[in-house]
Amino acid sequence: MKTVYTCFCTDVVHEGHLNIIREARKRGKVIVGALSDKALIRFNKFPTISQEERVRLYRSMEGVEEVVIQDDAMYDDVITLIHPDYVLHGDNWKEGPESAIRDHVLELLGQYGGELVDIPYTYNEKVKKIDLQLREKLAMPEYRRKRLRQLLQMTPVVKVMEAHSGLTGLIVEKTVVEHEGRLDQFDAMWVSSLCDSTAKGKPDIELVDMTSRFRTIDDIMEVTTKPIIFDGDTGGLTEHFVYTVRSLERMGVSAVIIEDKKGLKKNSLFGTEVQQTQASIEEFSAKIAAGKQAQLTDDFMIIARIESLILEKGMEDALERARAFVKAGADGIMIHSRKKDPAEIVKFCDKFRGEDKTTPIVVVPSSFNVITEEELAAHGVNIVIYANQLTRSAFPAMQQTAEDILRYHRAKEVDDRLMPIKQIITLIDEL
Ligand code: SPV
Ligand code: MG
């Protein structure tokens with residue numbers, strides 16, 4: 001009896017999957033792999049049911065003899081273990097980043113004479129409808145909001161990219177890359193005060209009001225499903241912050257990060273070059289506690305951002321604040337630095353983790369950009385935010401184009417650098 005292996009990561013079984021099982025049964029004993037959450041979230045849609053529920057779902061399919069967990073997107077583990085005579089998969093993986101998986105599977109099978117069978121992908125109105133329903137489920141506030149907490153359980157480091165518009169949201173939502181045999185995508189979006197303000201041509205001093213910031217969130221939410229971490233600046237007056245928490249929660253935002261500064265807030269990357277005042281531990285703790293008191297769900301997170309290293313108040317001050325803010329109810333700590341050398345961040349993380357094993361640590365490696373996500377995770381970091389890189393890459397490109405058109409009195413010279421018209425009109429999905 002031959003062995004046939006197929007890997008699923010779906011939450012809903014439709015005709016396409018039944019067809020694969022039918023084809024598999026013709027060839028031998030059918031073993032289905034359930035792709036683990038950890039592997040799945042690196043390149044696929046976020047699961048709407050648990051890994052265990054997926055295993056049960058696949059087990060209930062007629063003709064499936066065994067279900068195993070596949071914890072490795074590239075199939076190495078399962079193929080070594082099972083040595084299937086056949087691997088079956090929908091032929092949609094011949095294109096895009098997933099083709100790297102297919103190439104790798106072919107190589108693995110080639111080593112012992114196994115065979116890959118690409119099954120024509122089933123795409124019809126019914127399948128399309130199921131896709132849409134799953135997407136809707138992911139986009140709804142009650143599902144989106146809890147997703148950051150879910151991600152913290154699923155992955156050693158949650159990767160977050162800034163978004164400040166529908167378009168940048170789409171880039172964070174859809175970009176998947178294959179590099180050195182690994183697929184990757186961002187887990188969540190950061191609605192940065194710096195980038196939101198910059199996009200509006202305004203300074204990052206809490207000038208863009210909350211109504212406008214909420215509008216940005218809504219633009220992003222309209223076209224994406226990934227969770228959102230909102231840069232809440234100082235949180236404003238405590239009396240106002242409690243309303244902000246309620247609004248963000250209702251919208252389906254997963255977390256707000258507020259920083260322990262008061263008065264006129266300036267961007268942290270100015271450091272001590274500008275006048276900035278840190279709030280006292282007592283005042284800021286009271287703001288956190290009031291926010292936690294106001295929130296209605298268990299999903300939402302209030303993360304306290306500590307500016308002690310930015311304002312050169314020392315490591316001990318940063319740690320003392322971290323302890324106090326956790327005690328006040330903070331669901332996570334963000335520690336910031338504007339040094340190029342990650343040493344002070346690493347030192348803080350090691351010390352904080354030494355005494356607190358669970359509170360998530362968030363970092364924004366804009367200045368200390370040499371350290372990798374993996375290295376940060378090894379020091380206990382749970383969330384890495386790329387806070388401004390999309391804005392900073394778009395701006396010089398747009399400025400160069402404007403200058404060159406002025407220089408040459410026509411657009412021909414810049415055309416090679418531009419996205420083709422055909423591509424831009426198909427960039428946005430139509431319903
Ligand atoms: C932002 O992105 O607005 C931030 C991070 O608050 S930083 O600009 O580094 O202060
Ligand atoms: Mg900010």
Side-chain angles (χ1 to χ4, degrees), residues 159-177 184-186 188-210 212-224 226 228-233 257 259 264-271 273-274 276 305 310 334 336-340 363-371 373 384-421 423-428:
K159 304 154 191 274
V160 187
M161 174 53 93
E162 72 104 340
H164 56 269
S165 60
L167 185 61
T168 47
L170 275 178
I171 290 174
V172 186
E173 177 83 7
K174 292 189 173 184
T175 307
V176 181
V177 294
D184 216 349
Q185 67 176 333
F186 291 107
M189 296 174 279
W190 164 245
V191 180
S192 149
S193 68
L194 173 67
C195 299
D196 202 359
S197 308
T198 303
K200 292 172 169 60
K202 297 271 174 70
D204 181 18
I205 52 170
E206 295 188 278
L207 175 65
V208 177
D209 66 59
M210 259 323 149
S212 169
R213 304 281 319 275
F214 290 168
R215 185 69 233 154
T216 304
I217 295 176
D218 197 45
D219 285 345
I220 296 168
M221 283 188 161
E222 280 265 5
V223 293
T224 61
K226 289 186 179 176
I228 290 177
I229 303 177
F230 182 69
D231 177 358
D233 288 317
I257 300 187
E259 58 196 274
L264 180 62
K265 188 222 80 153
K266 305 261 176 70
N267 186 274
S268 298
L269 302 174
F270 284 124
E273 291 155 27
V274 293
Q276 306 205 58
R305 162 171 169 177
I310 293 281
M334 174 183 150
H336 207 16
S337 161
R338 64 181 195 124
K339 298 240 163 79
K340 273 203 158 308
V363 296
V364 177
S366 302
S367 304
F368 47 101
N369 57 14
V370 288
I371 192 162
E373 294 152 2
V384 173
I385 300 179
Y386 297 96
N388 49 43
Q389 285 78 3
L390 292 187
T391 295
R392 285 164 60 207
S393 56
F395 191 86
M398 292 195 284
Q399 182 140 38
Q400 184 69 50
T401 299
E403 286 173 11
D404 282 350
I405 290 176
L406 281 175
R407 200 166 280 134
Y408 299 110
H409 310 287
R410 62 178 190 182
K412 180 180 179 292
E413 283 73 15
V414 304
D415 208 62
D416 285 350
R417 299 199 299 262
L418 306 183
M419 177 178 265
I421 298 270
Q423 209 171 331
I424 199 147
I425 57 181
T426 53
L427 195 65
I428 315 292

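None of these values were measured; they are calculated from a predicted model.
The shortest side-chain heavy-atom distance between Ser192 and His164 does not fall under the 4.5 Å cut-off. Counting heavy atoms from C-beta on, the side chains of Ser197 and Leu207 never come closer than 4.5 Å. Inter-residue side-chain proximity for Ile257 and Ile229 is flagged as met; some heavy-atom pair is nearer than 4.5 Å. Residues Asp196 and Ser193 have side chains not in contact (no heavy-atom distance under 4.5 Å, counting atoms from C-beta outward). Two residues are said to be in side-chain contact when any heavy atoms from C-beta on lie closer than 4.5 Å; Lys200 and Thr216 meet this criterion. With a 4.5 Å cut-off on side-chain heavy atoms, Thr224 and Met189 count as touching. At least one side-chain heavy atom of Leu269 sits less than 4.5 Å from a side-chain heavy atom of His336. Contact of the Ile217 side chain with the Ile228 side chain is registered, since non-hydrogen atoms from C-beta on lie closer than 4.5 Å.
With Tyr386 as the fixed residue, the side chain to side chain donor-acceptor pair (under 3.5 Å) test singles out one of Glu373, Lys159, Glu162: Glu373.
Around atom CD1 of Ile428, more than 12 heavy atoms belonging to other residues, nucleotides or ligands sit under 6.0 Å away. Shown here is Lys202, whose NZ atom has no more than 12 heavy atoms of other residues, nucleotides or ligands within 6.0 Å.
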- Task: Verify side chain to side chain contact (heavy atoms under 4.5 Å, CB included) between Val172 and Leu390, making sure each step is shown before the conclusion.
- Result: CA-CA 10 Å; Val172 186; Leu390 292 187; 4.1 Å; yes

- Message: Applying side chain to side chain contact (heavy atoms under 4.5 Å, CB included) to Val160 and Val384, what does each step give before you reach the verdict?
- Response: CA-CA 6 Å; Val160 187; Val384 173; over 6 Å; no

- Test Thr401 against Leu418 for side chain to side chain contact (heavy atoms under 4.5 Å, CB included), laying out the working first. CA-CA 9 Å; Thr401 299; Leu418 306 183; 4.2 Å; yes

- Message: Could you walk me through whether Asp231 and Val191 satisfy the side chain to side chain contact (heavy atoms under 4.5 Å, CB included) test, starting with their C-alpha distance in whole Å, then the side-chain angles of each, then the deciding distance to 0.1 Å, before giving a yes or no?
- Response: CA-CA 6 Å; Asp231 177 358; Val191 180; 5.9 Å; no

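One finds a salt bridge joining Asp233 and Arg213 here, because a Lys/Arg side-chain nitrogen approaches an Asp/Glu carboxylate oxygen to under 4.0 Å. Using a 4.0 Å cut-off between charged side-chain N and carboxylate O, Asp415 and Lys412 make no salt bridge. Ion pairing of Asp404 with Arg417 is present here, as a side-chain N (NZ or NE/NH1/NH2) and a carboxylate O approach within less than 4.0 Å.
Between the Lys265 side chain and the Ile205 main chain, no donor and acceptor come within less than 3.5 Å of each other. Looking at Gln185, its side chain never comes within 3.5 Å of a backbone N or O of Val177 through a donor-acceptor pair. Between the side chain of Thr426 and the backbone N or O of Gln423 there is at least one donor-acceptor pair closer than 3.5 Å. Judged purely by atom type and a 3.5 angstrom limit, Glu206 has no side-chain atom pairing as donor or acceptor with the backbone of Asp204.
Considering every non-hydrogen atom in both Ser366 and Ala387, the closest pair reads OG-CB, 4.3 Å. Minimum heavy-atom separation, Trp190 to Ile385: CG-CG2, 3.4 Å.
In this structure, the separation between CE on Met161 and NZ on Lys226 is 10.5 Å, given to the nearest 0.5 Å. For the atom pair OG (Ser268) and CD (Glu259), the distance works out to 4.5 Å, reported to the nearest 0.5 Å. Here the CG-OG distance, from Asp219 to Ser165, works out to 8.0 Å after rounding to the nearest 0.5 Å. For the atom pair Ile220 CD1 and Phe230 CZ, the distance stands at 9.5 Å (nearest 0.5 Å). How far CD1 of Ile421 is from CD1 of Ile425: 7.5 Å, rounded to the nearest 0.5 Å. With values rounded to the nearest 0.5 angstrom, Arg392 atom CZ is found 9.0 Å from Cys195 atom SG.
Residues forming a salt bridge (charged side-chain N to carboxylate O under 4.0 Å, His left out) with Glu273 (at least two apart in sequence, or on another chain): Arg338.
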